[in-house]
Protein chains: 2
Amino acid sequence: MEEKTDNKKVGIKEIAKLANVSIATVDRVLNNRKDVSDKTRAKVQSIIKEHNYQPNLYARALSVKNNLSFAVLIPKTSSQTGYWDLCLKGIKQGIEEFSTFGISIDIFLYDQEDVRTFIKMSEDVLSRNFNAVVIAPIFISETTHFVEECKKRRIESIFVNSDIKGCSSLGYIGPDLYSTGRLAANLTSYLVPANSKVLILNIARGLQNYAYLNTKIEGYTNYLNKLDRGFEILNIDIPSNNYDEIAIDLLRHVDNINPDLIFVTNSRVSVVGRFFDEYRNIKKPHIIGFDFLTENVEFLASGMIDFLICQRPDKQGYLALNHLYRHFLLKDVKENFKPMPIDILTIENYLFYEN
Amino acid sequence: MEEKTDNKKVGIKEIAKLANVSIATVDRVLNNRKDVSDKTRAKVQSIIKEHNYQPNLYARALSVKNNLSFAVLIPKTSSQTGYWDLCLKGIKQGIEEFSTFGISIDIFLYDQEDVRTFIKMSEDVLSRNFNAVVIAPIFISETTHFVEECKKRRIESIFVNSDIKGCSSLGYIGPDLYSTGRLAANLTSYLVPANSKVLILNIARGLQNYAYLNTKIEGYTNYLNKLDRGFEILNIDIPSNNYDEIAIDLLRHVDNINPDLIFVTNSRVSVVGRFFDEYRNIKKPHIIGFDFLTENVEFLASGMIDFLICQRPDKQGYLALNHLYRHFLLKDVKENFKPMPIDILTIENYLFYEN
DNA sequence: CGACATCTCGTTAACGTTACCGATATTGCT
DNA sequence: AGCAATATCGGTAACGTTAACGAGATGTCG
């Protein structure tokens, strides 16, 4: 009932001795470069396999002096939502960690309400000579065009937060947005009885651009319709970022519809919480929304919001850089990764959701 | 709207040059050893602060050749639950990573149904000369005594999975068990209406030893009672690990009580799922349980289980070793850490809960 | 056959840090 | 004063890997 670890790692020197070659040759085989005869290459490879050689990444990191440079192209945080601050936090953690490897990382922040800023920034990125770029693809067609240009210049690309299928060269790090909508619907089915009125609320300026919202809404409505419990589902846009404007719209709609549950499709759920906090005479519906923002958590803690669905944007940012690092520095490129976990936060577990 | 990273890290050599001393002296200051005059020490320290020197951990890892040894003392996995396999998985990941630093790690597995095996294993640990030990404290008094002995021998200790407050020398890595119970109660309140019958089910042999179950149950009942919705709460023990035995007991109790919801206080929730899968004529209650085990997830996927509350045991195991590593190798000892996140899994998000 | 390119392989200096060893300066004691 | 003990510091090998450089062997073409 006891296990011991054989902690004697074989190094490149050991392999060299066993194969009767120099460490340089072993290195050449390992990084499969040229200047090795087929015979010795096979010999060395067999010994490597036999002894299960694992390279010491720390030594490698110390030795290699590459000057890779990555660009990060994400929305700047607005006064309305601190979401992108969280992503940026993960990015900066990555910068801290990977700058040790001689990687330099530049951050480009665009205005997600103004496509021209995205175009400007993407041109800036192209004008410099980056090896790879991390992109949050808010604007579909512009991003697609940008990635095309990157491919011509042999610049790798990776998406975070939301995906455009088959577009980026290195894939997507983030949640499966459709499932995110389904999960919200699943929780909805627990919160309200059959024949309830459910209001889907999209709050943001420039809504036509947020293509990823539609994926969530699809997942949500498909799930509820399949349940066949007679839910009355309404989908309403409030294309504003100003609370007072939103409140006026909200008042009108809520008076009209009298919903049993409101599903806010993005991180602006706190404004709905604030609304019902101020209009106490109105019957408060159940509320489901997204993202671990301070203002959202406040209303989760007070019981105003029932569930917050979260996706750890900081981890996404970090993982994107981490994947680039692994892609360039190690050969350890597992091409397709699984979508990230989708977390459920309630009043009872939000305290432990570290970020 | 663009940020650049100043990726020129100052090294120990730079500092030495700036302070007009040798790198050996800088090293002495950094690891605050003796053989440095107060004057030069102050001077070097000021330059270190001024240039925000950060040691290169990879170089350190490469250079240092310490022979630390850790012990891991956790239950062996039984045929009834693969829970400890997950923890072990995280432990092994840690071993893989930290063996590079010359740390050797020995694993001791005891039988959580037989306290004598724990005593035997703990004596084995004491007979060797470990620097620290990771413990899953199932048996309260025996673990307390063991930690006392460790302290005498200056062996550090750290707990995983559950805690004995103020006992271990390096704290506890795991969820807040009381909140875990509260969360289950919170979800219960969404699943069933007022005046429902709720059955708390403790399934395991040697139940008197599982002190951590009481903490969960306290959190659960306190929450529900405070809600004041007229819930009828029953607490039942089934001290067995054999499905057929459990099924007989379960049949009797369910016939008797006819519960609207069953809360299984540990990872054995799959046997309840199996039970209601076999006895289709009995009205299936809502079911809440613990842990991301294959057999549990199976019933979550089929809709038999509503919620699974999870605590990432693999991450716990890894983090425990990671904390020991940081404690001994770096000075980076943030003494008290936050409890781990408590995850909620449903049929809609379990697919993305990577392990 | 000579000149030169190509292929194969070994030697070695770095990367940033640690720790041992020895050199020099200072102090303490008789 | 002489001598030992101690305090303070610098030099340097080593950790495992990478890559630049060059040496030797073989091949190619006039």
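Quick note: numbers below take in every heavy atom, side chains included, and nothing from hydrogens, waters or symmetry partners. Every chain is numbered from 1 and lettered A, B, ... according to where its sequence line falls, protein lines coming before strand lines.
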**Asked** In terms of side-chain heavy atoms of A/V36, which of D/dT17, C/dT17, C/dC9 is nearest?
**Response** C/dC9
**Request:** Look at the side-chain N and O atoms of A/K34 and state whether any lies under 4.0 Å from the OP1 or OP2 oxygen of C/dC9.
**Result:** no
**Message:** Is the phosphate of D/dA7 approached by B/S37 (side-chain N or O, under 4.0 Å from OP1 or OP2)?
**Reply:** no
**Request:** Quick one: label B/D38 by what it contacts on the DNA or RNA (base, sugar-phosphate, nothing), any heavy atom closer than 4.0 Å.
**Result:** nothing
**Request:** Go through C/dT11, D/dG10, C/dT17 for me and flag the one nearest to the B/I23 side chain.
**Result:** C/dT17
**Asked** Are any of A/R33's side-chain N or O atoms less than 4.0 Å away from OP1 or OP2 of D/dT18?
**Response** no
**Message:** Between A/N20 and B/D27, which residue's closest nucleotide on DNA chain C lies nearer the 5′ terminus?
**Reply:** A/N20
**Prompt:** What nucleic acid atoms does B/N56 come within less than 4.0 Å of, heavy atoms only: base, sugar-phosphate, or nothing?
**Reply:** sugar-phosphate
**Prompt:** Out of C/dG10, D/dG11, D/dT17, which has the shortest distance to the side chain of A/T25?
**Reply:** C/dG10
**Asked** Taking the side chain of B/T40 as heavy atoms from C-beta outward, which of D/dT17, D/dC9, C/dT17 is closest to it?
**Response** D/dC9
**Item:** Salt-bridge criterion met for B/E149 and B/K152 (N-O under 4.0 Å)
**Value:** yes
**Request:** Looking at every strand, decide which applies to A/D35 at a 4.0 Å heavy-atom threshold: base, sugar-phosphate, or nothing.
**Result:** base
**Prompt:** Can you check whether B/S63 has a side-chain N or O nearer than 4.0 Å to OP1 or OP2 of D/dC15?
**Reply:** no
